[in-house]
Amino acid sequence: MISRDVDADFLALPLQACQDAALSQARELGAEHADVRIVRLQNSSINVRDARLDGNITAVDSGLSVRVLVDGCWGFAATGEISAAAAARTAQRAVTMAKVSAPLVTQRVVLAPEPVHVGTWVSAYDIDPFAVPEAERIALLAQRSAELLAHEAVSHADARVLAVKEQTFYADLTGTRTTQQRVRIEAEYTAVAIDASTGAFETMTTTAPPVGRGWEYLTGTGDTVGGAKAWDWDAELVALPELLAEKLHAPSVEAGSYTLVIDPTNLWLTIHESIGHATELDRALGYEANYAGTSFATPDKLGSLQYGTNLMNVIGDRTVTHGLSTVGWDDEGVGAQEWDIVKDGVLVGYQLDRSMAAEFDLPRSNGCAYADSATHTAIQRMPNVSLKADPQGPSLDDLIGTVDDGLYIVGDKSWSIDMQRFNFQFTGQQFHRIKGGKLAGQVKDVAYQATTTDFWGSMKVVGGPSTYLLGGAFNCGKGQPGQVAPVSHGCPAALFENVNVLNSVKEAGR
Amino acid sequence: MSSQVLPTPQEIVESGLSAASDIAGCVVIVTCSAIANVRWARTTLTTNGETFSVSAAVVAIVGVDGGTAAGSVTGQVSSLSDVEELVSNAIDAARQAGPADDAADLPEALTTGDWNSEPGLAMSDELAAVTPALGGIFLEARKDDIEHFGYAEQAVITTYVGTSTGTRARFEGPEARLELTAKSHGRSRSAWAGRSGRRLKDIDVAGADQELRQGLHWQGTRIDIEPGRHTAVLSPSATADLIIDLYWSSMARDASEGRSVWGRAGGGTRIGDVVADPRVTLSSDPSWSGLEAIPFATAVASSAASSVFDNGLPLHPITWIERGVLRNLISTRATAKEAEVPLAVAIDNLRMDVDGAGGSLADVVARVQDGLLITCLWYNRVVDAQTLLLTGLTRDGVYVIRDGKVVGAATNFRFNDSPVDVLTRVIDAGDTVPTLAREFGDYFNRAAMPTLVVKDYNFSTVSQAN
């Protein structure tokens, strides 16, 4: 892995001058806490349709924000202008905002303490995607799309790649001053099969997860570290058309109760929705009640809630190599950490920011504050939340081999969960029947539906390290105004018993 | 400390077009976003913000081997040299992109809006239009052991579009939103009210609070209802979330390729088919009072829904479904030609009318013998694109209607149903009114929808959430 520095053109911005202007202005106006963030986000999006460019854009979003606490009340203001004068004005606006909002405050905000940090951190990647000529990036997507289209089963092929470079400077009144650069990439190919005679169509999308890596991920190179695996695109793309053809003509699933073996390419999303969001302390306390919702896993259940079987061990971290939520420090200047969320099936930990850590009487936040741009204030966001593999657990083949009659689910697709994280429903890309311990052909129209603790309580086998994969998403949504956050979830394959499977065609009343 | 003088939106546009004068064509889009917001939970402030940002998008159009290419770059601008850099980068992106399938001459010159005006603002003092009323509501709520959660936002998005063919178009779009959630009885009861409009000062905060208290009161009586197919009375907000999903799934290109609910077996689209109850009409018009939307095409990147070559195209009223018949699907000039359908560029508002319907939500409830009143829907996702089957959940209030009256509250439910099928099962409807879609209001907040009574709505399973 190449050791990198923060780009020189970001460091050339007037970071020190903005810091000094904003923090001194905030202090003069009476703020007991103030922080300034300067953020530059570079985004590249390329969409290829049937091996031809459909749309592409490169966007740079940069700006400066100041957040203050005045008499225990937050004030936040932001601007797209990065200069000392703008920083001072923004600090004034933030203090004004705190004063305008004061009538709504009934509970003063206090922040948990954090040691002072001064440093620089850069994520692990080899090739800056923005340094690769756009023509080369388009050509790779087009070439692979053409290979898909060459198969008779494929009527259309869509391809897309998103690349992000995120640079953040943070400073606060305590003296913390951090500079960070993160690179991440997401790519997928979707093959479409159409039966012109009936009008039926099916799609199948690659299962490669988004990761905190550079362009090397798209070329199938790069290192494999734990669950963060270099991806064999060629192997997956060669197999995709045949799998799609089989799915188009596969029988529709019989609704009922099934034993499921869930691949990590699908299970990561179930973890995200039913564990990741449910163990955000801001949700559990009610901060998101008007929008993203609350959680059944309320603080009174900490240490006692049986979340799942005793095979269930879930950690939160902002440290795993190539993780999408991995940082050096969070957006409140808190150092990256790892901690238990579910241990032996019992809820033991939450995701915190500094205000919630203080409210919870904890000595320190575990570093989950994040803002997706300079124009948004930091809120508590999800770290990497991962289900640990069983060190002695089975391989995938051995796991499937234990099932007499069931389904093996691969890849994510549709997802939905209720406002307290009880009732969820997921679909997938591939649904393979298991008969007598062996895969026995695909079925289609599958959706699985469960209540969170019932589902994790039905987990009877956790796969071994060979089945472990770091999955994730770029676009986890939360907050008002809405923010998105990238997050990874590592997990092994696992076996669940007696899960309710719906037939989506019958659900549609057809 | 010196203060830098930033270029105006007009200067950015002219500078960009000037820098691109020797290429085949250019579009410069300047978006000025002014947003003030305040958020609360547990009856106290949680976050707030006042932001102002200006971003410029440059679409460079160049001749390349085999045709015409486009390249798009966006970024913040603090000097005119930044604009020149954007243009240079956009030209480079275009040359690397290769010929565009949607290439076309840019539309003829369009002049609309008050081009020379400054961008609109949304300052923190606009929040003062609602914070005193909210403070009063909080005070009363605490006396009654009611917790409040919510969000108020005033945004003004001003868009300037200039093209090398002479278009100079400006649109200022104020957007206001108020959402209130109230919980009581140890959070076992939960109600929501949402309002959208152009200015916060015009929103009736007290009326929203009354709606919450009514909901919490109704939830005092719990009635067990088994999952299954029931008559649903969808509030305007719930209707909006279903119909917005349908709108976003109505691309002409996807339909003509046979990969959408609007595709016809054997090829082509279902335009001209009866697809809904004959009383239902779905339409968009950028000039509607109270739902004013940007009246010209803007696109920073091409897709099935938009083309960078259409920038500046004037938008006209479109009927998507006319008295049950599918009339139009979203297209660009290029996809309309490819799919052989009428041109219908997407408009950022949506209205549904039901012939012969009328009355407030309460009036509609009074006409229902047996049904479930749904306050709002949440986490709606497409399960099957073939049928546009959606799954999602009810939230913050499912009320049992018997003989025209609300008699209590049921649990929440997960639903699995298709908005396309829903439009064939309409029993009754109310007045079409402006509404805030609970889930998609973040992205689409110019909707006018009726309360919709739908038979056999598929409530798949119970959700324990409350």
Side-chain angles (χ1 to χ4, degrees), chain A residues 52-60 62-63 73-74 76-81 83-85 88 93 96-97 100-101 103-107 133-135 156 192 194 196 198-199 201 286-287 289-290 375 377 414-420 422-423 425 427 447 449 480-482 504 507-510, chain B residues 1 3-4 37-54 72-76 78 93 96-98 101 124 127 131 135 149-151 179 181 257-259 265-266 300-303 378-379 381-384 387 389 391-393 395 414 416 418 442 461 463-465:
Chain A
R52 294 178 63 82
L53 180 68
D54 192 29
N56 62 321
I57 187 165
T58 300
V60 180
S62 55
C73 177
W74 284 124
F76 176 82
T79 176
E81 185 185 349
S83 69
R93 289 165 53 214
T96 300
M97 180 57 89
V100 167
S101 306
L104 299 183
V105 172
T106 57
Q107 187 173 322
E134 192 154 0
H156 296 282
V192 183
I194 297 171
T198 63
F201 63 93
Y287 283 48
N290 182 67
T375 54
T377 192
S414 175
W415 71 100
S416 175
I417 190 165
D418 73 29
M419 64 181 185
Q420 263 185 296
F422 283 116
N423 177 306
Q425 180 175 311
T427 62
Q449 194 180 78
Q480 290 182 299
S504 60
E507 286 295 310
R510 301 293 172 99
Chain B
M1 197 181 298
S3 185
Q4 193 176 2
N37 63 72
V38 62
R39 194 179 196 208
W40 58 94
R42 301 184 296 172
T43 327
T44 190
L45 177 100
T46 51
T47 62
N48 54 23
E50 181 190 281
T51 66
F52 183 76
S53 63
V54 178
S72 302
V73 174
T74 75
Q76 266 77 30
S78 56
Q96 295 203 46
D101 287 348
S124 57
L127 298 172
T131 47
F149 310 80
Y151 180 66
E179 289 187 57
T181 295
E257 290 178 348
R259 46 170 158 165
V300 296
S302 292
S303 68
W378 186 249
Y379 230 126
R381 295 292 182 273
V382 176
V383 175
D384 184 0
T387 56
L389 178 71
T391 193
L393 296 124
R395 181 171 180 181
R414 170 171 297 287
N416 278 292
S418 163
D442 275 6
T461 50
S463 154
Q464 300 169 47

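Order of the sequence lines sets the chain letters (A, B, ...), proteins ahead of strands, with each chain counted from 1.
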> Between atom CD1 of Ile194(A) and atom CZ of Arg259(B), what is the distance when rounded to the nearest 0.5 Å?
Replying inline: 6.5 Å
> Run the side-chain contact (heavy atoms from CB on, under 4.5 Å) check on Phe76(A) and Thr51(B) step by step: do they pass?
Replying inline: CA-CA 8 Å; Phe76(A) 176 82; Thr51(B) 66; 4.2 Å; yes
> Of the listed residues (Gly80(A), Gly199(A), Ala78(A)), which shares the most heavy-atom pairs with chain B below a 4.5 Å separation?
Replying inline: Ala78(A)
> Among Ala196(A), Pro103(A), Gly482(A), Cys73(A), which residue forms the greatest number of heavy-atom pairs with chain B at distances under 4.5 Å?
Replying inline: Ala196(A)
> About how many Å separate CD of Gln480(A) and CG of Asp442(B), when rounded to the nearest 0.5 Å?
Replying inline: 6.5 Å
> chain B heavy atoms under 4.5 Å from Ser504(A): which part of the residue, side chain, backbone, both or neither?
Replying inline: both
> So do the side chains of Trp40(B) and Ser101(A) get within less than 4.5 Å of each other, counting heavy atoms only?
Replying inline: no
>> Taking every non-hydrogen pair under 4.5 Å, which of Ala97(B), Ala93(B), Gly135(B), Gly98(B) racks up the most with chain A?
In response: Ala97(B)
>> Does any part of the side chain of Val383(B), heavy atoms only, come nearer than 4.5 Å to the side chain of Glu507(A), both counted from C-beta?
In response: no
> Of the backbone (N, CA, C, O) and the side chain (C-beta and beyond), which part of Asn37(B) lies under 4.5 Å from a heavy atom of chain A, both, or neither?
Replying inline: both
> Do side-chain atoms of Arg93(A) reach the backbone of Glu50(B) as a donor and acceptor pair under 3.5 angstrom?
Replying inline: yes
> Picking from Val100(A), Leu53(A), Asp54(A), Thr427(A), which has the most non-hydrogen pairs under 4.5 angstrom with chain B?
Replying inline: Asp54(A)
>> For Asn48(B), which atoms come within 4.5 Å of any heavy atom of chain A: side chain, backbone, both, or neither?
In response: both
>> Heavy-atom pairs under 4.5 Å with chain B: which of Thr198(A), Thr96(A), Thr375(A) has the most?
In response: Thr375(A)
>> Let's test your reading of the structure: which of Gly63(A), Pro133(A), Ser62(A), Ala447(A) forms the most heavy-atom pairs below 4.5 Å with chain B?
In response: Ser62(A)
> Which pair of non-hydrogen atoms, one from Ala41(B) and one from Gly286(A), has the smallest distance, and what is that distance?
Replying inline: CB-O, 3.7 Å
> Which bit of Val105(A) is near chain B, if near means a heavy-atom gap under 4.5 Å: side chain, backbone, both or neither?
Replying inline: both
> Between the main-chain N or O of Gln425(A) and the side-chain N or O of Arg381(B), is there a donor-acceptor pair closer than 3.5 Å?
Replying inline: no
>> If we define contacts as heavy-atom pairs under 4.5 Å, which of Val38(B), Asp101(B), Asp384(B), Thr131(B) has the most with chain A?
In response: Asp101(B)
> Side chain, backbone, both or neither: which part of Arg39(B) has an atom under 4.5 Å from a heavy atom of chain A?
Replying inline: side chain
> chain B heavy atoms under 4.5 Å from Ile57(A): which part of the residue, side chain, backbone, both or neither?
Replying inline: both
> So which heavy atom on Ala289(A) is nearest to which on Phe149(B), and how close?
Replying inline: CB-CD2, 3.4 Å
> Is it true that a side-chain atom of Arg414(B) and a backbone atom of Asn423(A) form a donor plus acceptor pair closer than 3.5 Å?
Replying inline: yes
> chain A heavy atoms under 4.5 Å from Val382(B): which part of the residue, side chain, backbone, both or neither?
Replying inline: backbone
>> For the interface with chain B, which of Asn290(A), Leu104(A), Val192(A), Asp418(A) has the highest count of heavy-atom pairs at distances below 4.5 Å?
In response: Asn290(A)
> Looking at Gly49(B), Ser53(B), Ala301(B), Gly392(B), which one has more heavy-atom pairs under 4.5 Å with chain A than the rest?
Replying inline: Gly49(B)
>> Nearest 0.5 Å, please: how far is CE in Met419(A) from OG1 in Thr181(B)?
In response: 8.5 Å
>> If I measure from the heavy atoms of chain B, does Thr79(A) come under 4.5 Å with its side chain, its backbone, both, or neither?
In response: both
>> Quick one, Gln96(B) and Asn56(A) - any side-chain contact, counting heavy atoms below 4.5 Å?
In response: no
> Using a cut-off of under 4.5 Å for heavy-atom pairs, which of Leu389(B), Leu127(B), Val300(B) has the most such pairs with chain A?
Replying inline: Leu389(B)
> Stepwise, does the side-chain contact (heavy atoms from CB on, under 4.5 Å) test hold for Ile417(A) with Tyr379(B)?
Replying inline: CA-CA 7 Å; Ile417(A) 190 165; Tyr379(B) 230 126; 3.7 Å; yes
